Amino acid sequence: MKFLVLIYGNPESRAVWDSLTDEQKKEGMAGYAALHAELAEHQELVASESLDDPALTKQVLVRDGKPFTTDGPFAEVKEQLAGFYLLDCDSMDRAAEIVARIPEAPFSVVEVRPVRDLGAYS
């Protein structure tokens with residue numbers, strides 16, 4: 001089963017990250033590196049990325065067959081999508097176990113969502 005793990009941050013947490021030295025950032029990434037290595041070893045990691053500043057986002061709407069773009073950020077909320085994992089693991093319980101090991105999880109909102117299998121329709 002595949003699960004999308006969505007990690008939400010806020011401007012304050014991004015400002016803290018931006019204020020760290022390169023050495024502090026490298027130390028902070030060590031937890032992610034260990035988690036990625038374990039998930040890769042168990043063949044549970046499909047993809048994982050950190051997303052850039054929401055202000056760099058473009059929203060694309062297609063209306064009457066024509067695309068229109070708008071600059072972001074869009075949601076009037078404090079938390080913004082900061083990164084994600086795409087996991088392939090046995091159950092929602094296993095996905096939740098993995099989320100608990102994400103170094104940022106104690107300071108963020110993290111959502112786990114099953115990925116729908118639409119393969120039967122292709």
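For clarity, every value in this text was computed on a predicted model and none was experimentally measured.
Under the 4.5 Å side-chain heavy-atom criterion for ILVMFWY residues, a single connected hydrophobic cluster contains both V109 and F84. Linking ILVMFWY residues whenever their side-chain heavy atoms come closer than 4.5 Å, directly or via other members, leaves M29 and F107 in distinct clusters. Residues V46 and L4 share a hydrophobic cluster, clusters being chains of Ile/Leu/Val/Met/Phe/Trp/Tyr side chains in contact below 4.5 Å. Connection of L39 to V115 is not established within any shared hydrophobic cluster, with ILVMFWY side chains joined at heavy-atom distances below 4.5 Å, either directly or through further cluster members. Linking ILVMFWY residues whenever their side-chain heavy atoms come closer than 4.5 Å, directly or via other members, leaves L35 and L86 in distinct clusters.
Nearest heavy atoms, D52 versus R14: O-NH2, 3.6 Å. For the pair Y8 and E111, the tightest heavy-atom approach, listed with the atom from each and the gap, is OH-OE1, 3.6 Å. Residues F3 and C89 approach most closely at CD1-SG, 3.7 Å, considering heavy atoms. Among all heavy-atom pairs drawn from L45 and A40, the shortest one is CB-N, 4.2 Å. The two residues P103 and G31 come nearest to each other via the heavy atoms CG-C, 3.7 Å. Considering all non-hydrogen atoms of both residues, P67 and V60 come closest at CB-CG1, 4.3 Å.
More than 12 heavy atoms of other residues, nucleotides or ligands shown are found within 6.0 angstrom of CG on D18. For K25, the NZ atom is densely surrounded, since the number of other residues' heavy atoms within 6.0 Å is greater than 12. More than 12 heavy-atom neighbours from other residues, nucleotides or ligands sit within 6.0 angstrom of CD on E12.
With a 4.5 Å cut-off on side-chain heavy atoms, V5 and I98 do not count as touching. With a 4.5 Å cut-off on side-chain heavy atoms, R101 and E38 count as touching.
Between the side chain of S13 and the main chain of G9, no donor-acceptor pair closer than 3.5 Å is present. Remark: the backbone N or O of A55 is paired with a side-chain donor or acceptor of D53 at under 3.5 angstrom.
Taking OG from S50 and OH from Y32, the interatomic distance works out to 8.0 Å, rounded to the nearest 0.5 Å. Atom CE of M1 sits about 9.5 Å away from atom CG of D90, to the nearest 0.5 Å. Between the CZ atom in R94 and the NE2 atom in H42 there is a gap of 6.5 Å [rounded to 0.5 Å]. The distance from the OG atom of S122 to the CG atom of D117 is 8.5 Å, given to the nearest 0.5 Å. Distance check: D88 CG to Q43 CD gives 9.5 Å after rounding to the nearest 0.5 Å. Atom OG1 in T57 sits 8.0 Å away from atom CG in L51 (nearest 0.5 Å).
Aromatic ring orientation, Y85 versus H36: perpendicular (interplanar angle above 60°, classes split at 30° and 60°).
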